[in-house]
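Each ligand, and each atom within it, is numbered from 1 in the order the structure gives. Along the sequence shown, the residues carry numbers beginning at 1.
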Amino acid sequence: MRGKLLQLLMRTSNTFVSGQEISENLGISRTAVWKHIEELRKNGYELEAVPRKGYRLTHTPNHATADEIEAILSTENIGKNIIYKKEVTSTQALAHDMARNDASEGTLVVADYQQKGKGRLGREWHSPPGTGLWFSLILRPDIPPQKAPQLTLLTAVAVTEGINKAAGIEAQIKWPNDILIDGKKTAGILTEMQSEPDRVQAVIVGIGININQQPEHFPELLLSKATSLSIAKENKIFSRAKVIAAILERYEDWYYQYLIDGFEQVRKRWEELAVTIGKEITATTVTKTVEGLAQGITEDGVLLLKKKDGQIEHIYSADIH
Ligand code: BT5
């Protein structure tokens, strides 16, 4: 309901809207309107209130709260159920718990700050407050577990296109899960699943995107390899809610098309957006290091490396340089 109120206030922010109009528009009592307005104020929204004229929204805090995302999101399913937390250990952990408790497909868990954001293989994801987007999506695709890696690539496509749509920045994908701007990492994806031997119960897609960080927000070790949308766009400050809404909209299109038509379209688009393909790279897997020419990805999202001796190596999981 507060999302709808916010939507109305955003639409009418050039003028005043009376309590009566709001109450009629949303089908709630004047007292309920007043309570929601107070709640918005507590959350950092500023509203001018003038007797007999009504309310006017004058300031929106740049938080990707459930209210704010709901006010602008136009998807049918992805992100329709939103859990927002000011602070969590990791949105992945919370989303896993919710998935075990029957949370529906498309549920979005988003936090302003993660105390212990997770990367792959137990690595850390730096998630300071007030700057980026740290979120996890719960999906329930009817696919066998071995196809789940396709969703990492689908997610990379949706995030890259969403960044382009919201910020006008041409980001690129580095296999399997990095999104780069000018060669530096601006987003990372962590795909995990809950599954039975032959059936996926839930896929939890974790996405971390650096949005408004300035160089001083990054720890020393990350400075040379990480960037944010703001750094890439002359320190412009982006609305975090708008960026997430753009990504979720691209996500919904790609995901439901994938469930109907399969992976091929995703694969093609992924290869267009990928920086990796056609380059000489070094892939470090858990057991070995392989050098070769990155030729493309297979139907399963496996990277194909052509080695010097002409042999094609299938890379399932690795860090590449
Ligand atoms: C990833 O892992 O890139 C997956 C990151 C997923 C984070 C999201 S946030 C929401 C959800 N909840 C979670 O707890 N996690 C997910 P990986 O490919 O292993 O990359 C991790 C490496 O990226 C680290 O070892 C650092 O070198 C680097 N890194 C850490 N934080 C970064 C940041 N904010 N920006 C750029 N690089 C970062």
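Which parts of ligand 1 touch Ile189 is read off a 4.0 Å heavy-atom cut-off, strictly below it: atoms 3 (O), 4 (C). The ligand atoms of ligand 1 that sit less than 4.0 angstrom from a heavy atom of Ser90 are 12 (N), 13 (C), 14 (O).
Asn210 ND2, 2.8 Å is the protein heavy atom nearest to atom 35 (N) of ligand 1. Distance from atom 23 (O) of ligand 1 to its nearest protein heavy atom, with residue and atom name: Lys185 NZ, 3.5 Å. The single protein non-hydrogen atom nearest to atom 26 (C) of ligand 1 is Leu222 CD2, 3.7 Å, given as residue, atom name and distance. Of all protein heavy atoms, the one closest to atom 24 (C) of ligand 1 is Glu124 O, 3.5 Å. Of all protein heavy atoms, the one lying nearest to atom 1 (C) of ligand 1 is Asn177 ND2, 3.5 Å. Gln114 NE2, 3.3 Å is the protein heavy atom nearest to atom 9 (S) of ligand 1. The protein heavy-atom contact nearest to atom 31 (N) of ligand 1 is His126 N, 2.9 Å. The closest protein non-hydrogen atom to atom 37 (N) of ligand 1 is Trp125 CZ3, 3.7 Å.
Within a 6.0 Å radius of NZ in Lys165, other residues, nucleotides and ligands contribute more than 12 heavy atoms.
Partner of Leu305 under the side chain to side chain contact (heavy atoms under 4.5 Å, CB included) criterion, out of Ile281, Leu293, Ile320, Thr282: Ile281 alone.
Using a non-hydrogen distance threshold of 4.0 Å, Gly117 registers as a contact of ligand 1. By the 4.0 Å heavy-atom criterion, Thr91 is counted among the residues contacting ligand 1. The shortest heavy-atom distance from Lys225 to ligand 1 is under 4.0 Å.
In this comparison of Arg123, Lys116, Gln213, Lys118, the heavy atom closest to atom 25 (O) of ligand 1 sits on Arg123.
At a threshold of 4.5 Å between non-hydrogen side-chain atoms, the residues Lys85 and Leu94 count as touching. Under the 4.5 Å side-chain criterion, counting only non-hydrogen atoms from C-beta, Ile138 is not in contact with Glu105. For the pair Ile231 and Phe218, the minimum side-chain heavy-atom distance is below 4.5 Å.
Taking 4.0 Å as the cut-off between side-chain N and carboxylate O, Arg267 and Glu271 count as a salt-bridged pair.
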Where do Lys225 and Asp178 land on the salt bridge (charged side-chain N to carboxylate O under 4.0 Å, His left out) test, with the steps shown first? CA-CA 12 Å; Lys225 49 184 184 178; Asp178 291 355; over 6 Å; no
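Under 3.5 Å, the side chains of Gln257 and Gln265 contain no donor-acceptor pair of N or O atoms.
In this structure, the side chain of Asp309 engages the main chain of Gln311 through a donor-acceptor pair within 3.5 Å.
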